[in-house]
Amino acid sequence: MTYLFAGLAALLAFVALRIGKQIWYTYQCPGEPALYDFWYGRMDKKSQAHRNVVTHLGHCERCRETLYRIQKGQPLEDHLVD
Ligand SMILES: [Zn+2]
């Protein structure tokens, strides 16, 4: 019985860690190079990185603006100046 609870606790900790990691990655800005790869299709659509960018863009205005700039074809340097 003790083993069962230990197993359950381990499983729960594993699941919680995975969810926590997912939330952490969702809130982390992927950075402009990743957004470039995302926009120009250089990122595997089935990859975790791609999913992270999609989820992240849903609630990060800064990255949406960056992506918008990438879509407009403005170079990265413009962003660094201001
Ligand atoms: Zn962001």
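Values in this document were obtained by computation on a predicted structure and should not be read as measured data. Values below: all heavy atoms of this structure, side chains included; hydrogens, waters and symmetry mates excluded. Indexing begins at 1, ligand by ligand and atom by atom, following the structure's order. We're numbering straight along the sequence, starting at 1.
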Can you confirm whether or not the ring centre of His56 sits under 6.0 Å from the ring centre of Tyr25?
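No, the ring of His56 stays outside the 6.0 Å limit from the ring of Tyr25, centre to centre.
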pair Phe38-Ile70: side-chain heavy atoms closer than 4.5 Å:
no
Identify, with sequence neighbours excluded, every residue that meets salt bridge (Lys or Arg N to Asp or Glu O under 4.0 Å) alongside Arg62.
none
Residues pairing under salt bridge (charged side-chain N to carboxylate O under 4.0 Å, His left out) where one sits in residues 33-50, two or more places apart or in two chains, turn out to be Asp37-Arg42
Under-2.8 Å protein N/O/S neighbours of the Zn ion (ligand 1), ordered by chain then residue number
Cys29 SG, His56 NE2, Cys60 SG, Cys63 SG
Over all heavy atoms of both residues, which pair between His59 and Thr55 is shortest? Give the atoms and the distance, please.
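Looks like CD2-O, 3.4 Å.
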Applying side-chain contact (heavy atoms from CB on, under 4.5 Å) to Gln28 and not counting sequence neighbours gives Trp24
